[in-house]
Trainee: 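Sharing a structure with you now.
So that the names make sense, note that chain A is the first sequence line, chain B the second, and so on, each numbered from 1.
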2 protein chains.
Amino acid sequence: MKSSATGCSVEEAMRLLGGRWRLLIVSYLLDGPKRFSELRRDIPAISQRMLTLDLRAMEEAGFVKRTVFPTVPATVEYELTADGARLVPVVEVMPTFGLWLKERDARREPTSP
Amino acid sequence: MKSSATGCSVEEAMRLLGGRWRLLIVSYLLDGPKRFSELRRDIPAISQRMLTLDLRAMEEAGFVKRTVFPTVPATVEYELTADGARLVPVVEVMPTFGLWLKERDARREPTSP
DNA sequence: CTGCATCCTTTGGGATACTG
DNA sequence: CAGTATCCCAAAGGATGCAG
């Protein structure tokens with residue numbers, strides 16, 4: 001039993017990060033604090049609803065800090081917390097794999113099956 | 001723009017690995033070839049249906065090789081391919097994070113909310 | 001600008017029963 | 001043993017409209 005011992009921790013991790021957007025959001029927060037609208041521009045494909053939900057979930061999980069500036073209209077900044085920094089290894093390994101995957105698939109299906 | 005450039009690769013990766021079980025399955029295949037029934041024992045919570053579906057998907061993705069031995073009753077072995085080995089960094093980072101997460105949450109909610 | 005509420009569609013996944 | 005097929009439910013996620 002090498003990796004086997006770590007079994008359900010993988011489930012734990014995937015339950016928290018398994019969504020379609022969370023790791024992506026985190027990857028953009030690596031740059032430093034970002035406003036809601038900045039994140040929307042960074043990730044055009046996400047709906048505003050999901051961005052809100054995921055940010056809220058990660059805030060509750062303690063990975064993201066939300067700061068509201070009482071301007072008008074409202075301004076809100078999101079940033080990674082110290083706990084959120086624990087996600088860095090995870091968000092780094094994903095694009096590495098993802099890029100390799102895209103290249104490989106480009107080689108696999110040059111024209112059509 | 002540091003990490004921003006890698007954007008949609010994260011989506012690619014999550015689309016392939018985002019399910020609840022795939023990374024877990026891979027983590028058990030790290031030990032070497034495994035039979036279908038072995039995997040079921042390793043991951044009691046998975047339904048036989050999902051194990052089949054996920055294995056099939058990863059086979060099609062080229063990460064897993066399926067070998068049928070014409071015994072009776074049938075014997076089938078699954079093992080990681082060379083491409084599947086690319087998943088190793090991913091499946092390693094997950095339990096690391098997952099374990100830390102469980103410990104932290106144990107500290108967070110020692111008794112009850 | 002930020003975000004909540006509602007409605008709706010799609011997907012993931014479990015249970016069960018049946019087959020080579 | 002290793003599947004396949006069906007049915008069904010819950011969760012994820014998109015679209016839109018309203019509000020502080």
Trainee: Look at the side-chain N and O atoms of A:S37 and state whether any lies under 4.0 Å from the OP1 or OP2 oxygen of C:dT2.
Mentor: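 Looking at the OP1 and OP2 atoms of C:dT2, one of them is under 4.0 Å from a side-chain N or O of A:S37.
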Trainee: Is the phosphate of D:dC1 approached by B:R35 (side-chain N or O, under 4.0 Å from OP1 or OP2)?
Mentor: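 So the side chain of B:R35 is outside the cut-off, no N or O lying under 4.0 Å from OP1 or OP2 of D:dC1.
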Trainee: Would you say A:T81's side chain and A:G62's backbone share a donor-acceptor pair under 3.5 angstrom?
Mentor: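 A pair under 3.5 Å: yes.
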Trainee: Taking B:R35 first and then B:E77, would you say they form a salt bridge - that is, a charged N and a carboxylate O separated by under 4.0 Å?
Mentor: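 Judged by the 4.0 Å cut-off on N to carboxylate O distance, B:R35 and B:E77 do not form a salt bridge.
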Trainee: Restricting to non-hydrogen atoms, name the atom on B:E92 and the atom on B:T96 that form the minimum distance, rounded to 0.1 Å.
Mentor: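 B:E92 and B:T96 have their closest heavy atoms at O-OG1, 3.0 Å.
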Trainee: Can you measure A:F36 atom CZ to C:dT2 atom P for me and round it to whole angstrom units?
Mentor: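 Nearest whole value for this atom pair: 7 Å.
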Trainee: So do the side chains of B:V68 and B:T75 get within less than 4.5 Å of each other, counting heavy atoms only?
Mentor: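 Sidechains of B:T75 and B:V68: no contact.
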Trainee: Keeping the roles fixed (side chain from A:E12, backbone from A:S9), state whether a donor-acceptor pair exists under 3.5 Å.
Mentor: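 No, the answer is negative, given that no donor and acceptor are paired below the 3.5 Å cut-off.
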Trainee: For a quick test of reading the model: is some side-chain N or O of A:Y78 closer than 4.0 Å to OP1 or OP2 of C:dG3?
Mentor: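 So the side-chain polar atoms of A:Y78 do come within 4.0 Å of the phosphate oxygens OP1 or OP2 of C:dG3, strictly under.
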Trainee: Report the distance from atom CG of A:L24 to atom P of D:dA12, rounded to the nearest whole Å.
Mentor: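 After rounding, the reported distance stands at 18 Å.
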Trainee: Does any donor-acceptor pair link the side chain of A:Q48 with the base of C:dC1 at a separation under 3.5 Å?
Mentor: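 It does not, because no donor-acceptor pair links the side chain of A:Q48 to the base of C:dC1 below 3.5 Å.
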Trainee: Would you say the side chain of B:M14 lies within less than 4.5 Å of the side chain of A:M94, judging by non-hydrogen atoms?
Mentor: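 Yes - at least one pair of side-chain heavy atoms lies under 4.5 Å apart.
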Trainee: Within residues 49-71 of chain B, which residues have any heavy atom lying less than 4.0 Å from an atom of DNA chain D?
Mentor: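 Within this stretch, B:R49, B:T52, B:R56, B:R66 sit under 4.0 Å of the strand.
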Trainee: Using whole Å, report how far CD1 of B:I46 lies from C1' of C:dG12.
Mentor: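 Computing the B:I46:CD1 to C:dG12:C1' distance gives 12 Å.
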Trainee: Tell me the interatomic distance from B:R15, atom CZ, to C:dG12, atom P, rounded to whole angstroms.
Mentor: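 After rounding, the gap between these two atoms is 10 Å.
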Trainee: Rounded off to whole Å, could you give me the CD-to-P distance for the A:E38 and C:dG3 pair?
Mentor: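 Going from A:E38 (CD) to C:dG3 (P), I get 13 Å.
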Trainee: Check whether any side-chain N or O of A:R20 sits under 4.0 Å from OP1 or OP2 of D:dG14, and answer yes or no.
Mentor: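 Indeed, a polar side-chain atom of A:R20 lies that close.
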Trainee: A:E77 has an atom CD; how far is it from atom P of C:dT2, in whole Å?
Mentor: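 Result: 10 Å.
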Trainee: Closer than 3.5 angstrom, by distance alone: can the side chain of A:R22 be matched with the main-chain N or O of A:M58 as a donor-acceptor pair?
Mentor: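 Side chain of A:R22 to backbone of A:M58, a donor-acceptor pair under 3.5 Å: no, none is there.
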